[in-house]
Trainee: 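Take this structure, written in structure tokens, and hold onto it; I'll ask about it next.
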Protein chains: 2
Amino acid sequence: MTTLTEENYIKAIYHLGKHGTENVSTNAIAQEMDTKASSVTDMVKKLAEKDLVNYKKYQGVSLTQTGVLTAVNIVRKHRLWEVFLVNKLNFSWDEVHDVAEQLEHIKSPKLIDELDAFLDFPTHDPHGDPIPDKDGHFSKLDKVKLSKVAVNTTCTCVGVDDSSSDFLKYLDKHNIALGSKIKVMATEPFDESITILINGVHLSVSKHVSNNLFVRAN
Amino acid sequence: MTTLTEENYIKAIYHLGKHGTENVSTNAIAQEMDTKASSVTDMVKKLAEKDLVNYKKYQGVSLTQTGVLTAVNIVRKHRLWEVFLVNKLNFSWDEVHDVAEQLEHIKSPKLIDELDAFLDFPTHDPHGDPIPDKDGHFSKLDKVKLSKVAVNTTCTCVGVDDSSSDFLKYLDKHNIALGSKIKVMATEPFDESITILINGVHLSVSKHVSNNLFVRAN
DNA sequence: AATAATTTTTAGATAACTCTAAAAATTATT
DNA sequence: AATAATTTTTAGAGTTATCTAAAAATTATT
């Protein structure tokens, strides 16, 4: 059994080291977790004894296979709860994080499987990040910035990078929401704005918008 | 802010001492929490310093006003989560407790208010126990055993006392579920069985059944 | 009312996680 | 390659919550 603290360390190592595969430095973890390097060393030793991380003095840490599995499971829980909060409880995209950080540590396999089914097996969270399935596999389709989508392609809005309330208000105003279908009609090399078709309406959006809106191919 | 452990102690005192008003002995708390009396003394001192309990050496503890409020809030969260698990995630009445024990400690006022609304402001949990509202007020209507209901009265099934799978299967078989309307038709003094009307069907149920089924007047 | 039994508290220790300050190792600079 | 700067680890200590064993207070029994 992993404690709450252990889980948070594993999560940090997972996120800092490209899914836990790369070596992560003690200081990087300390910064991410808002703690001291000496505390990290202590905990990393403990995690190494539990076979959750690979650790050699002064060489940094990476996750073992078990460690990755643990991390992916936490990510799965975190993202499913985010979907629940946004889709069912009227949370906005930028309100969910703190609560999901708490909910992700609830231990009950049945709970998370039933939640998954209740939410209709979502593949991505409200920020457009993929939700791993029960076996830890991620959907192949990755989110991309709208600005990278080729002309004449249709895609689905799956998240934002800039989550400032100004930006979210702008999206609201133009009926751009999670799940909206967007077709890229034309690009304007001059100012890098693009014209999109959304809800049957043509709309010109600036470079800032297309760079901060995540979409997924269909 | 209360820690998880503090919250569990407060909950125990609340349940043992008739909503925290009566004095509770150190040993009783120790037994309830599966810990040692000396640990209880230590924690109770800490809670007293935080003004959550009234404590005089060798005299037992009761909850202060703040303590009761804290306890009621935890009860509210616990019971709302139970409703969620049963009504939305296909948990059975007897599977919910352990998970709800974890979920009740999640800290987010918005979460619990939205959950309340999402569940349509339930007044009772799957065991028939009342859910306090935001201000800590309980519904006046209390659950009673079916055996206490007067002939010719209609009531609603709100919970069970015996939650053995045999009993739950029996209820299932006769279409007795949470929310079922039950009218008491006749009582049989001879073996204390009673005849009820449920889903338009007359059914004779034994003393055991009527003593382990909780209902509420309409 | 004195003694026995029980309950509760205190004292001292342990485990998990954290910290500060100093030492050791690594990396960067000249 | 030697020295400086940085990073990482160790050593020792604090906090929270727990425990065992012994002391103190309360309650029950004779």
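Here is how names work: the chains are called A, B, and so on, in the same order as the sequence lines, proteins then strands, and each is numbered from 1.
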Trainee: Can a side chain N or O of A:Thr41 be found less than 4.0 Å away from OP1 or OP2 on D:dT10?
Mentor: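 No.
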Trainee: Check the surroundings of atom CD in A:Gln31: do more than 12 heavy atoms from other residues, nucleotides or ligands lie under 6.0 Å from it?
Mentor: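 No, because the 6.0 Å sphere around CD of A:Gln31 holds 12 heavy atoms or fewer from other groups.
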Trainee: Expressed in angstrom and rounded to an integer, what is the separation of A:Ile29 atom CD1 from D:dT7 atom C1'?
Mentor: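 These atoms are roughly 13 Å apart.
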Trainee: Could you check how far CG of B:Asn23 sits from P of C:dT8, rounded to whole Å?
Mentor: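 For the pair B:Asn23 CG and C:dT8 P, the rounded distance is 11 Å.
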Trainee: Say whether, by atom type as modelled, one donor and one acceptor occur between the side chain of B:Asp116 and the main chain of B:Ile112 under 3.5 angstrom.
Mentor: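 Not at all, since once roles are kept as given, no pair shorter than 3.5 Å links the two residues.
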Trainee: Among D:dT9, D:dT18, C:dT8, which is the nearest nucleotide to the side chain of A:Ala37?
Mentor: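 Nearest listed nucleotide: D:dT9.
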Trainee: Can you find a heavy atom in the side chain of A:Cys155 that is under 4.5 Å from one in the side chain of A:Leu146?
Mentor: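 Contact flag for A:Cys155/A:Leu146 side chains = yes.
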Trainee: Is it the case that B:Asn8 and B:His105 place a side-chain donor and acceptor less than 3.5 Å from each other?
Mentor: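 A donor-acceptor contact under 3.5 Å links the two side chains.
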Trainee: Heavy atoms within less than 4.0 Å of DNA chain D: which residues of residues 4-17 of chain A have one? Give them sorted by number.
Mentor: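 Contacting residues: none.
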Trainee: For the pair A:Glu101 and A:Lys77, find out whether any cationic side-chain nitrogen is under 4.0 Å from an anionic carboxylate oxygen.
Mentor: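 Judged by the 4.0 Å cut-off on N to carboxylate O distance, A:Glu101 and A:Lys77 do not form a salt bridge.
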Trainee: Ignoring backbone atoms, test whether B:Ser25 places a side-chain nitrogen or oxygen under 4.0 Å from the OP1 or OP2 oxygen of C:dT7.
Mentor: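 Looking at the OP1 and OP2 atoms of C:dT7, neither is under 4.0 Å from any side-chain N or O of B:Ser25.
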Trainee: Would you say the ring centroid of A:Phe84 lies under 6.0 angstrom from that of B:Phe84?
Mentor: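 Ring centres of B:Phe84 and A:Phe84 closer than 6.0 Å.
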Trainee: Could you pull out the protein-nucleic contacts involving nucleotides 20-22 of chain D (nitrogen or oxygen on both sides, under 3.5 Å)?
Mentor:
from   : atom 1 : to      : atom 2 : distance (Å)
D:dT20 : OP2    : B:Lys36 : NZ     : 3.0
D:dT20 : O4     : B:Ser38 : OG     : 3.0

Trainee: For the residue pair B:Asn54 and B:Ser62, confirm or rule out a side-chain donor-acceptor distance under 3.5 Å.
Mentor: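 The answer is yes; a qualifying pair exists.
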Trainee: If I take atom CG in residue B:Asn27 and atom C1' in nucleotide D:dT26, what distance separates them, rounded to the nearest angstrom?
Mentor: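 In whole Å, D:dT26 C1' lies 12 Å from B:Asn27 CG.
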Trainee: Looking at A:Lys207 and A:Asp191, does any basic side-chain N land under 4.0 Å from a carboxylate oxygen?
Mentor: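 Salt bridge between A:Lys207 and A:Asp191, a charged N being under 4.0 Å from a carboxylate O: no.
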Trainee: Which residues in residues 49-63 of chain A have at least one heavy atom lying under 4.0 Å from any atom of DNA chain C?
Mentor: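 By residue number: A:Tyr58.
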Trainee: So what does the secondary structure string of DNA chain D come out as, 5' to 3', with Watson-Crick or wobble pairs under 3.5 angstrom, [ ] for crossing and | for pairs with another strand?
Mentor: ||||||||||||||||||||||||||||||
Trainee: Just checking, any donor-acceptor pair under 3.5 angstrom between side chains of B:Asp125 and B:His78?
Mentor: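 There is no such pair (donor and acceptor under 3.5 Å, judged by atom type) between the side chains of B:Asp125 and B:His78.
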Trainee: Compare every heavy atom of A:Cys157 with every heavy atom of A:Ile182, then report the nearest pair and how far apart it is.
Mentor: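 In terms of heavy atoms, the two residues are closest at CD1-CB, 4.2 Å.
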Trainee: Could you check whether B:Lys110 makes a cation-pi contact with A:Phe91, meaning its NZ or CZ is under 6.0 Å from the centre of the six-membered ring and within 45° of the ring axis?
Mentor: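 Output yes; distance and angle both within limits.
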Trainee: Measure CE/B:Met1 against P/D:dT16 and give the value in whole Å, please.
Mentor: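 Rounding to the nearest Å, CE of B:Met1 and P of D:dT16 are 16 Å apart.
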Trainee: Please determine whether a side-chain nitrogen of the Lys or Arg among B:Glu7 and B:Lys107 lies less than 4.0 Å from a carboxylate oxygen of the Asp or Glu.
Mentor: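 Yes, charged N to carboxylate O under 4.0 Å.
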Trainee: Using the ring of each side chain (for Trp, its six-membered ring), is B:Phe167 parallel, tilted or perpendicular to B:Tyr170, with breaks at 30° and 60°?
Mentor: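 Because their plane-to-plane angle is under 30°, the rings of B:Phe167 and B:Tyr170 count as parallel.
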Trainee: B:His127 and B:Asp161: side-chain donor and acceptor closer than 3.5 Å?
Mentor: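 Per modelled atom types, B:His127 and B:Asp161 side chains form no pair under 3.5 Å.
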Trainee: So does A:Glu104 pair up with A:Arg76, basic N to acidic O under 4.0 Å?
Mentor: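 Here A:Glu104 does not pair with A:Arg76 in a salt bridge, since their nearest N and O are not under 4.0 Å apart.
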Trainee: Any N/O pairs under 3.5 Å between the protein and nucleotides 12-15 of chain D? List them or say none.
Mentor:
none

Trainee: A:Lys88: what forms a salt bridge (Lys or Arg N to Asp or Glu O under 4.0 Å) with it, not counting sequence neighbours?
Mentor: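 By the salt bridge (Lys or Arg N to Asp or Glu O under 4.0 Å) rule, A:Lys88 matches no residue at all.
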Trainee: In whole angstroms, how far is the C1' atom of C:dT6 from the CD atom of B:Gln31?
Mentor: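 About 14 Å, once rounded to whole Å.
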